[in-house]
Novice: 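I'd like to ask some things about the structure below.
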Amino acid sequence: MKISLIIPCYNEEEVLPIAFKRLKQLIHNNRQIHDKSISWELLFVNDGSKDGTTEILKKYAEDEDFIKVLNFSRNFGHQPAVTAGLHHCDADAAVIMDCDMQDPPEVIPSMVETWLNEGCHGVYAVRESRKGETGFKKLSASLFYKTINRLSEIELPRDTGDFRLVDKTIIQAFCELKEGDKYIRGLIPWLGFEQKPFYYQREAREAGETKYPLSKMIKLAANGILSLSSKPLEKIMTLGFVSLFIAFLVVIYTLLSFFLPGISVEPGWASLMIVILFFSSMNLIALGIIGYYISRIFNESKNRPEYIIESILGE
């Protein structure tokens with residue numbers, strides 16, 4: 001049985017030696033799991049790194065026969081890198097993980113055992129704790145999952161990321177998806193098939209800096225919400241009717257002020273500005289959401305590839 005570990009890399013020269021040592025130890029200690037002989041593959045996707053990552057991966061591929069490296073022509077992003085790994089995976093199952101070792105590779109054999117024991121098609125890792133992360137990041141992640149589950153047509157498991165095991169059935173179904181700008185942690189649950197949770201403790205990053213600053217996290221969150229649901233457009237229409245109802249009440253109140261004693265309308269600059277700013281803001285928000293959907297349609301219509309591979313090492 002062959003299992004591939006799909007590992008996107010972008011400027012990871014500081015953490016790669018640490019990661020490789022732990023991954024090599026994982027392979028050495030787990031040649032057999034659940035009475036099955038395991039053949040491991042490390043599938044690194046070099047996402048246009050500008051530091052020494054390319055040279056380090058080249059040396060690893062030359063020295064070890066269980067390593068395969070996909071080198072992108074430039075930086076395309078984390079999700080295209082994972083997509084490329086799944087597209088070039090010929091294993092019975094694949095484990096998606098990051099290079100920073102926040103998701104400890106030592107738990108992978110237990111994930112494989114869960115997959116084999118349960119007879120399911122996938123195992124998604126659920127974070128019981130998130131070491132090395134700020135309170136703001138934990139709070140924003142919690143709010144994101146609450147929001148996306150309210151808007152999405154499918155239920156996304158909370159406190160999960162891309163760290164998961166998927167078998168070849170899910171891999172084949174994923175490779176049939178033709179859309180670009182994928183949100184993988186949402187698309188894999190969308191595919192269906194029985195998938196089981198696996199609970200673990202997430203560690204702090206081993207070395208280097210995160211490749212997901214706040215700006216990228218916001219972009220990823222927006223991509224996740226808008227790629228999985230059209231409900232934001234429906235909410236705009238609801239908001240429009242609510243605004244219309246409020247305006248209708250204001251009109252009634254204004255008319256009554258002419259006929260009933262005790263009701264008066266004081267002309268004033270402040271009230272006028274509040275109304276203008278409120279409805280202008282609603283319009284801008286609505287246009288922004290609509291514009292985001294239109295930009296996705298525009299990008300899909302160009303039919304450009306999600307990534308371009310410059311070279312493949314270790315084949």
Novice: Identify, with sequence neighbours excluded, every residue that meets side chain to side chain donor-acceptor pair (under 3.5 Å) alongside K196.
Specialist: E194
Novice: Would Q201 and V107 count as a side chain to side chain contact (heavy atoms under 4.5 Å, CB included) if you check the C-alpha gap in whole Å, the side-chain angles of each, and the deciding distance to 0.1 Å?
Specialist: CA-CA 9 Å; Q201 310 295 324; V107 305; over 6 Å; no
Novice: Can you tell me how far CD1 of I309 sits from CG of L70, rounded to the nearest 0.5 angstrom?
Specialist: 4.5 Å
Novice: I'd like to check the side-chain contact (heavy atoms from CB on, under 4.5 Å) partners of P105; sequence neighbours left out, ordered by chain and number.
Specialist: R22, L23, L26, M97, M101, I108
Novice: Tell me every residue that passes side chain to side chain donor-acceptor pair (under 3.5 Å) with Q25, counting only those two or more places apart in sequence or in another chain.
Specialist: N29
Novice: Please list all pairs meeting side-chain hydrogen bond (donor to acceptor under 3.5 Å, both in side chains) that have one or both residues in residues 83-95, counting only residues at least two apart or in different chains.
Specialist: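 Those involving residues 83-95 are K2-D90, H87-Y307.
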Novice: With E118, which residues qualify under salt bridge (charged side-chain N to carboxylate O under 4.0 Å, His left out), at least two apart?
Specialist: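 In terms of salt bridge (charged side-chain N to carboxylate O under 4.0 Å, His left out), with neighbours along the sequence ignored, E118 is linked to no residue.
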Novice: side-chain contact (heavy atoms from CB on, under 4.5 Å) with N71: which residues, sequence neighbours excluded?
Specialist: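 Result, side-chain contact (heavy atoms from CB on, under 4.5 Å) vs N71: N46, T54, V69, S311, L313.
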Novice: Using atom types as modelled and distance alone, determine if a side-chain donor or acceptor of D47 lies under 3.5 Å from a backbone N or O of F76.
Specialist: yes
Novice: If you apply the rule ring-ring contact (aromatic ring centres under 6.0 Å, His included), what do you find for Y200 with F163, and how did you get there?
Specialist: CA-CA 11 Å; Y200 76 111; F163 186 36; 5.4 Å; yes
Novice: I need the S49 OG to L16 CG distance, nearest 0.5 Å.
Specialist: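 Separation between the atoms: 8.0 Å.
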Novice: Check the pair I184, H78 against side chain to side chain contact (heavy atoms under 4.5 Å, CB included), reporting the backbone distance first and the verdict last.
Specialist: CA-CA 10 Å; I184 295 172; H78 181 269; over 6 Å; no
Novice: Report yes or no: do S73 and E310 form a side-chain donor-acceptor pair below 3.5 Å?
Specialist: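 No, no side-chain donor-acceptor contact under 3.5 Å.
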Novice: Side-chain contact test, heavy atoms from C-beta onward, threshold under 4.5 Å: evaluate it for N75 versus K50 and give yes or no.
Specialist: no
Novice: By the salt bridge (charged side-chain N to carboxylate O under 4.0 Å, His left out) test, which pairs, at least two apart or in different chains, include something from residues 62-72?
Specialist: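 Listed once each, the pairs are K24-E64, K59-D63, K68-E315.
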Novice: Quick check: do K36 and L116 have side-chain heavy atoms less than 4.5 Å from each other?
Specialist: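 The answer is yes, as the side chains (C-beta and beyond) meet within the 4.5 Å cut-off.
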Novice: Could you state the interatomic distance from CZ (F44) to CG (L42), rounded to the nearest 0.5 Å?
Specialist: 5.0 Å
Novice: Are L177 and V45 connected, step by step, through hydrophobic side chains (Ile, Leu, Val, Met, Phe, Trp, Tyr) whose heavy atoms are closer than 4.5 Å?
Specialist: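 Result: yes, single cluster for both.
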Novice: Can you check whether G122's main-chain N or O pairs, donor with acceptor, with D167's side chain at less than 3.5 Å?
Specialist: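 It does not hold such a pair.
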Novice: Hey, could you give me the CZ/OG distance between F66 and S4, rounded to the nearest 0.5 Å?
Specialist: 12.5 Å
Novice: If we only count heavy atoms from C-beta on, is the D98 to I7 side-chain gap below 4.5 Å?
Specialist: no
Novice: Report the distance from atom SG of C99 to atom CD of E12, rounding to the nearest 0.5 Å.
Specialist: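 It comes to 4.5 Å.
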Novice: What pair of heavy atoms forms the shortest contact from C175 to K178, and how long is it?
Specialist: O-NZ, 4.1 Å
Novice: Step by step, would you call F198 with V126 a side chain to side chain contact (heavy atoms under 4.5 Å, CB included)?
Specialist: CA-CA 6 Å; F198 174 84; V126 182; over 6 Å; no
Novice: Please confirm whether F20 and Y60 have ring centers closer than 6.0 angstrom.
Specialist: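 Yes - the distance between ring centres of F20 and Y60 falls below the 6.0 Å cut-off.
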Novice: Determine whether a donor-acceptor pair (N or O, by modelled atom type, separation under 3.5 Å) exists between the side chain of Q195 and the backbone of Y124.
Specialist: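 Between the backbone of Y124 and the side chain of Q195 there is no qualifying donor-acceptor contact (under 3.5 Å).
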Novice: Could you list the residues that satisfy side-chain contact (heavy atoms from CB on, under 4.5 Å) with E13, not counting sequence neighbours?
Specialist: D51, T53, I56
Novice: For D103, give me all partners under salt bridge (charged side-chain N to carboxylate O under 4.0 Å, His left out), at least two apart in sequence or on another chain.
Specialist: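 Result, salt bridge (charged side-chain N to carboxylate O under 4.0 Å, His left out) vs D103: R202.
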Novice: Quick one: are R185 and R164 in side-chain contact, heavy atoms under 4.5 Å?
Specialist: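 R185 reaches R164 side chain to side chain.
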Novice: Write down the atom of G85, the atom of L43, and the distance for their closest heavy-atom approach.
Specialist: O-CD2, 3.4 Å
Novice: Do you know which two heavy atoms are closest between Y10 and G48, and how far apart they sit?
Specialist: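 Nearest heavy atoms, Y10 then G48: CE1-O, 3.6 Å.
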Novice: Should I171 and W190 be regarded as members of a common hydrophobic cluster, given that ILVMFWY residues are connected when their side-chain heavy atoms come within less than 4.5 Å of each other, either directly or indirectly?
Specialist: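 Same cluster: I171 reaches W190 through Ile, Leu, Val, Met, Phe, Trp or Tyr contacts under 4.5 Å.
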Novice: Do Y199 and V112 share a hydrophobic cluster, counting only Ile, Leu, Val, Met, Phe, Trp and Tyr and linking them when any side-chain heavy atoms are less than 4.5 Å apart?
Specialist: no
Novice: Identify which one of I3, T114, I33 satisfies the side-chain contact (heavy atoms from CB on, under 4.5 Å) criterion when paired with P109.
Specialist: I33
Novice: Can a donor-acceptor pair be found, under 3.5 Å and without considering hydrogens, that links the side chain of W40 to the backbone of H28?
Specialist: no
Novice: With E55, which residues qualify under side chain to side chain donor-acceptor pair (under 3.5 Å), at least two apart?
Specialist: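 Expected list: none.
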Novice: Locate the shortest heavy-atom distance separating P197 from V123; write the atom from each residue and the value.
Specialist: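 Heavy atoms of P197 and V123 come nearest at C-CG1, 4.5 Å.
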Novice: Filter on ring pair (Phe, Tyr, Trp, His ring centres under 6.0 Å), then keep only pairs touching residues 97-119, sequence neighbours left out; what's left?
Specialist: none
Novice: Under a 4.5 Å cut-off applied to non-hydrogen side-chain atoms, are L86 and V166 in contact?
Specialist: yes
Novice: Restricting to side chain to side chain donor-acceptor pair (under 3.5 Å), what partner residues turn up for E176, sequence neighbours left out?
Specialist: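 Testing E176 for side chain to side chain donor-acceptor pair (under 3.5 Å), a comparison that skips the adjacent residues, returns none.
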Novice: Tell me, do D162 and I188 make a side-chain contact under 4.5 Å, heavy atoms counted?
Specialist: no
